[in-house]
Amino acid sequence: SMDGAPTPASPAGLSAYVAVSQLLGLTLLATTGAWLGRYRGGVAWHSPLQFNVHPLCMVLGMVFLQGDALLVYRVFRHEAKRSTKVLHALLHGLALVIALVGIIAVFESHRTKGIPDMYSLHSWCGMAAFVLYLLQWLLGCGFFLLPGASFSLRGWYKPQHVFFGIALFVLSIATCLLGITEMLLFNIRDSYSHFVPEGVLANTLGVMLVAFGLVVGYVLTRDDWKRPPLAEELALSMDFKTLTEGESPGGGS
C-alpha cells in the first residue's frame, strides 16, 4: 500500500526533458522577438507594424503555451487531479486568447494595407488549427470540468481528447513553419538564397519550433512518464466500481 509513503519524486529523465523544453520555449520567444525587432521594425498595434503582433502571438500562444498546457499532467504528477485539470484548461484558454489577438492583428493589418485574406495554405491551416483548438477546449471543459458528464462518456471521450490535443499541437507548429516561409518569401525573396542573416535567423527559429515539438511530444508519449493515479482517485474509481458492479467495497484490492 502507498499509504503513509512519501510523495515519489518525478523520474529523473522527465525533469531533464521538461527543463530542456522550457529552455527551448523561452529561446523561441526570444528569437521571434529578435527577428521582428532587428529585421521587421518591431511590434506595435495601430501602425504599419501591426502585422508583427501576429507571429509573436502565435508562437507564444499556439506553440509555447499550448505545449506547456500539454505538459501540465506530467509536471504536476502528484497534485490533486482537479487543480491540475484547471491549470491545464487555464493555460489552453490563455493560449486561445493570445492567438485570437494574433489573428485580429493579421486581419486588421491586411485590411489597412488592402491585402486579401485567407488565400494561402498558411492561413487555411492556421484557421483550421484555431477553430479546432477552440472546439477542443470547449469540449474538454464540457466533459472534464463541468459536472454532469458520466464516467462512461468521459471514458469514451478521453482518447479522442488526447489524440486531438497532440494533433493540434503538431498542426500549430506546421502552420508556424508555413508562416515563416511565407514571411521570408514576401520580405526577402531576392536575397534569401544568399544566406542573409535574417533568413538564417528565421530558419533557425523554424528548426527550434520543430525541436520544441519533438521534446514535448517525447515527454507526452513516454508511457512510464504518464501521470500515476493518486490513492484517492483509485479509491474513487473502486467505490464507483462497487456501486455499479455490486462488489464488496475493498474486495480483492
Side-chain angles (χ1 to χ4, degrees), residues 17-71 91-110 112-113 115 117 120-130 133 168-189 191-192 194-217 219:
Y17 269 88
V18 169
V20 169
S21 76
Q22 296 315 286
L23 206 60
L24 271 169
L26 293 169
T27 311
L28 273 179
L29 292 173
T31 308
T32 307
W35 177 21
L36 298 172
R38 176 96 175 69
Y39 298 104
R40 294 287 123 226
V43 172
W45 190 254
H46 287 300
S47 91
L49 298 173
Q50 186 176 22
F51 175 84
N52 293 349
V53 174
H54 176 73
L56 194 59
C57 283
M58 292 347 237
V59 170
L60 174 57
M62 296 296 288
V63 180
F64 184 55
L65 287 175
Q66 183 176 180
D68 273 8
L70 297 178
L71 290 175
L91 281 173
H92 279 309
L94 184 60
L96 273 165
V97 170
I98 292 171
L100 182 61
V101 172
I103 289 173
I104 292 168
V106 75
F107 276 104
E108 283 200 357
S109 162
H110 279 181
T112 312
K113 295 177 182 169
I115 298 170
D117 291 312
S120 70
L121 179 59
H122 167 70
S123 64
W124 290 18
C125 289
M127 196 51 78
F130 180 78
Y133 190 42
L168 287 171
F169 181 57
V170 171
L171 176 59
S172 299
I173 289 174
T175 303
C176 284
L177 299 182
L178 288 169
I180 290 169
T181 305
E182 197 172 291
M183 221 169 132
L184 289 172
L185 292 177
F186 280 147
N187 290 318
I188 59 164
R189 179 181 283 124
S191 57
Y192 188 19
H194 301 306
F195 288 89
V196 288
E198 180 177 356
V200 172
L201 182 68
N203 286 358
T204 306
L205 173 61
V207 171
M208 285 193 307
L209 281 160
V210 172
F212 180 73
L214 289 172
V215 173
V216 171
V219 171

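Counting from 1, the numbers follow the sequence of the chain as shown.
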CH2 of W45: more than 12 outside heavy atoms within 6.0 angstrom? yes
Spacing of [atom1] belonging to [X] relative to [atom2] belonging to [Y], to within rounding of 0.5 Å:
{"X": "L96", "Y": "L65", "atom1": "CG", "atom2": "CG", "answer": "10.5 Å"}
{"X": "I180", "Y": "L205", "atom1": "CD1", "atom2": "CG", "answer": "4.0 Å"}
{"X": "L36", "Y": "L49", "atom1": "CG", "atom2": "CG", "answer": "9.5 Å"}
{"X": "Y192", "Y": "L185", "atom1": "OH", "atom2": "CG", "answer": "6.5 Å"}
{"X": "S109", "Y": "H46", "atom1": "OG", "atom2": "NE2", "answer": "12.5 Å"}
{"X": "N52", "Y": "T32", "atom1": "CG", "atom2": "OG1", "answer": "11.0 Å"}

F212 pairs by side-chain contact (heavy atoms from CB on, under 4.5 Å) with which of L23, V20, L24? L24
Can you list the steps and then say if V106 with D117 is a side-chain contact (heavy atoms from CB on, under 4.5 Å)? CA-CA 9 Å; V106 75; D117 291 312; over 6 Å; no
Quick one, Q50 with T112, criterion side chain to side chain donor-acceptor pair (under 3.5 Å). Give me CA distance, side-chain angles, the key distance, then yes/no. CA-CA 10 Å; Q50 186 176 22; T112 312; 4.6 Å; no
Check: [Y] and [X] side chains under 4.5 Å, non-hydrogen atoms:
{"X": "I98", "Y": "M58", "result": "no"}
{"X": "L70", "Y": "L91", "result": "no"}
{"X": "Q22", "Y": "L71", "result": "yes"}
{"X": "I188", "Y": "Y39", "result": "no"}

Can you give me the closest heavy-atom contact between [X] and [Y], atom names plus distance?
{"X": "L184", "Y": "G199", "answer": "CD2-CA, 4.2 Å"}
{"X": "M62", "Y": "F169", "answer": "O-CD1, 4.5 Å"}
{"X": "G213", "Y": "I173", "answer": "CA-CD1, 3.5 Å"}
{"X": "T175", "Y": "H122", "answer": "O-ND1, 2.9 Å"}
{"X": "V59", "Y": "C176", "answer": "CG2-SG, 4.5 Å"}
{"X": "S21", "Y": "V215", "answer": "CB-CG1, 3.8 Å"}

Please assess L178 against C125 for the test side-chain contact (heavy atoms from CB on, under 4.5 Å), listing each intermediate value before the final yes or no. CA-CA 9 Å; L178 288 169; C125 289; 4.0 Å; yes
Do the rings of H92 and Y133 sit parallel, tilted or perpendicular, given the 30° and 60° boundaries? perpendicular
Test log, rule side-chain contact (heavy atoms from CB on, under 4.5 Å), inputs L26 and F64: CA-CA 8 Å; L26 293 169; F64 184 55; 4.1 Å; yes
With no hydrogens and no angle check, is any side-chain donor or acceptor of H54 less than 3.5 Å from a backbone partner on G102? yes
Treating K113 as the side-chain partner and E108 as the backbone partner, does any N or O pair qualify as donor plus acceptor under 3.5 Å? no
Under 3.5 Å, is there a donor on one side chain and an acceptor on the other for S120 and E182? yes
Distance-only polar pair, side chains of N187 and E198, donor-acceptor under 3.5 Å: no
